[in-house]
There are 2 protein chains.
Amino acid sequence: MSVTSEGRRRGPRRALTDDEILDAALDLLDEGGPDAASVRGIAARVGVAPNAVYTYFPDKAAVIRALVERLLGGVDHDMFADRSQPWRERVEALALELRAHLSAHPGAVPLVIGGPMDGPHALALNERLLQLLVDAGLDPTDAARASYLLIVYAFGSIALEVAAAHRPGPLPPESERVAIRQAAFSAASTEGFPRGAEAAATMAGYVSTEQYLWGLRRVLDGITARATPDGPTPAELPGRSGPRGIHSA
Amino acid sequence: MSVTSEGRRRGPRRALTDDEILDAALDLLDEGGPDAASVRGIAARVGVAPNAVYTYFPDKAAVIRALVERLLGGVDHDMFADRSQPWRERVEALALELRAHLSAHPGAVPLVIGGPMDGPHALALNERLLQLLVDAGLDPTDAARASYLLIVYAFGSIALEVAAAHRPGPLPPESERVAIRQAAFSAASTEGFPRGAEAAATMAGYVSTEQYLWGLRRVLDGITARATPDGPTPAELPGRSGPRGIHSA
DNA sequence: GCGTTCCCTGTACGGCGTCCAAACGCTGTA
DNA sequence: TACAGCGTTTGGACGCCGTACAGGGAACGC
């Protein structure tokens with residue numbers, strides 16, 4: 001990603017660090033939306049000429065990649081390695097952590113899902129999920145697929161969430177977003193979408209932590225059905241843990 | 001969206017239609033990726049000066065919005081209204097239709113998920129899903145949430161899929177993408193991700209129709225669990241259809 | 001036929017990512 | 001201690017981008 005490597009250089013000392021540049025980029029993203037992180041803007045914010053940035057990163061795409069990687073690296077998932085906890089709760093906590101971390105920087109979310117997500121931190125996240133699902137008793141094939149399913153759900157939710165709020169700056173509080181969503185779907189009732197109108201009142205569940213958890217639990221239910229007796233083959237597997245008590249809150 | 005409205009105008013005849021502009025934009029998107037649809041490029045392709053575009057749409061964002069709307073409108077979902085078919089099969093067919101339609105234009109996918117998806121066609125899609133889920137026996141609240149869950153899954157899958165392929169032009173054939181994905185995760189094995197490496201062989205399921213359907217079925221399983229006896233309350237509901245035979249192919 | 005209305009064009013402005021050549025600070029070596 | 005050379009930084013420029021403004025010309029209502 002970065003041009004920087006450790007060790008003393010021959011020329012003059014660098015005025016900045018990679019992280020200072022990434023900080024500036026993230027700040028701009030938070031303030032002005034996904035297009036606000038221009039090379040010139042970043043340079044101005046850290047107090048150098050635009051071209052100086054190219055000493056640290058070969059081009060803007062590399063800055064974005066590094067930023068996304070750092071963002072994913074900031075998702076602390078070591079705390080979810082504790083196998084004494086129920087696996088579903090660990091997955092839920094991890095998913096909530098991911099959502100909280102990413103939606104704190106809504107301008108960066110389109111950049112996260114706009115690229116391949118094949119950096120070390122993305123892989124580490126996948127690794128953690130995989131381990132969790134193996135703990136839950138899934139065979140490696142199902143664990144891999146389920147982990148991808150969970151990743152799709154989490155990132156998809158977050159992406160749609162910030163897309164719905166759709167312009168720059170921090171995400172408005174949940175109550176406001178719910179109101180906006182309601183208004184949109186109420187408007188739909190005048191245009192021939194009877195069920196959409198009927199369900200408008202329940203749309204409050206959209207774009208909310210509650211909706212996020214509800215969907216996550218349905219996904220986990222679906223995965224659980226695979227991990228338990230009526231799984232791949234109809235054969236009964238005696239020793240496994242049965243379906244647990246689901247969806248309390 | 002468009003500035004155009006029906007009826008004869010006073011001035012000279014228009015050289016173009018809205019759809020010609022959108023066709024040009026979509027072609028550019030398909031050829032050159034999400035950034036290729038510049039106003040100047042579109043104008044050149046349809047043979048007018050760049051400014052002429054602003055006679056049809058107030059700004060570029062409006063062009064994008066109209067394009068996204070038209071794209072979503074192209075998803076034919078009337079065929080999934082037939083209630084004599086099992087609802088799960090109808091949802092699967094609709095999800096496959098959506099994926100086929102969108103991944104045919106990968107450059108446009110980031111634009112689709114980059115905006116609010118509150119246009120008439122997006123609402124109509126939601127409406128269809130809602131109806132399907134009500135047919136399946138869900139109460140309105142759960143149907144609304146489940147419909148949003150399915151939308152998140154479908155669009156999230158497609159978004160991650162095109163993001164993984166990550167640069168312009170049409171999506172490579174599935175076999176190639178699988179190979180790319182495998183290579184990425186094999187590389188991970190040398191960097192301390194044992195389970196990622198172990199599961200690398202199964203990663204072939206990533207980014208494929210098979211994986212898409214697998215995930216979709218797990219989601220449907222999770223939703224089904226809500227619609228059937230062990231649903232909202234532990235009370236037994238006698239008359240409903242029980243859990244059906246799941247995941248065959 | 002004329003006046004009005006609207007489409008289209010030429011031109012221009014500010015901002016973008018990025019390249020080039022020059023200025024300069026710093027380090028390793030003589 | 002002096003110097004050679006490298007790496008950093010800068011001013012300027014190029015070709016894109018979205019889009020605003022003013023003018024010319026085509027079609028319509030009268």
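From a predicted model like this one, the values you see are computed outputs, not experimental measurements. In what follows, chains carry the letters A, B, and so on, assigned in the order in which the sequence lines appear, proteins first and then strands, with residues in each chain numbered from 1.
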Query raised in the report: Distance check: side-chain N/O of B/Thr55 vs OP1/OP2 of C/dC7, anything under 4.0 Å?
Result: no
Query raised in the report: If only atom types and distance count, is the side chain of A/Arg14 paired as donor or acceptor with the main-chain N or O of A/Thr55 below 3.5 Å?
Result: yes
Report summary line: Rounded to whole Å, CZ of B/Phe57 lies from P of D/dT19 at a distance of 13 Å
Query - Under-4.0 Å side-chain N/O to phosphate OP1/OP2 contact, B/Arg14 with C/dC7 - result: yes
Query - Side-chain N,O (A/Tyr56) to OP1/OP2 (D/dT9) below 4.0 Å - result: yes
**Report entry** d(CZ, A/Arg10; P, D/dC6) in whole Å
**Finding:** 6 Å
**Report entry** Residue closer to the 5' end of DNA chain D, A/Arg40 versus B/Ala61 (nearest nucleotide)
**Finding:** A/Arg40
Requested in this report: Give a yes or no answer on whether the side chain of B/Tyr56 reaches the backbone of B/Leu16 with a donor-acceptor pair at less than 3.5 Å.
Outcome: yes
Query - From D/dC6, D/dT9, C/dT9, nucleotide with atom closest to A/Ala15 side chain - result: D/dT9
Requested in this report: Send over the distance from A/Tyr54 OH to D/dG12 P, rounded to a whole Å.
Outcome: 18 Å
Query raised in the report: What is the nucleic acid contact for A/Ala49, judged by heavy atoms within less than 4.0 Å: base, sugar-phosphate only, or nothing?
Result: sugar-phosphate
Query raised in the report: Is there a donor-acceptor pair under 3.5 Å between the side chain of A/Glu97 and the backbone N or O of A/Val75?
Result: no
Query raised in the report: Side-chain donor or acceptor of B/Asn51 under 3.5 Å from a matching atom on the base of D/dG18?
Result: no
Query - A/Ala95 backbone acceptor or donor facing A/Tyr212 side chain under 3.5 Å - result: yes
Query raised in the report: Relative to the 5' end of DNA chain D, which residue comes earlier, B/Asp59 or B/Pro12, by the nucleotide with the nearest heavy atom?
Result: B/Asp59
Report summary line: To the nearest angstrom, the CD1-C1' distance between B/Ile21 and C/dC8 comes to 12 Å
Requested in this report: Check whether any side-chain nitrogen or oxygen of B/Arg13 sits under 4.0 Å from OP1 or OP2 of D/dC28, and answer yes or no.
Outcome: yes
**Report entry** Side chain of B/Val39 - closest among D/dG18, C/dC8, D/dT10
**Finding:** D/dG18
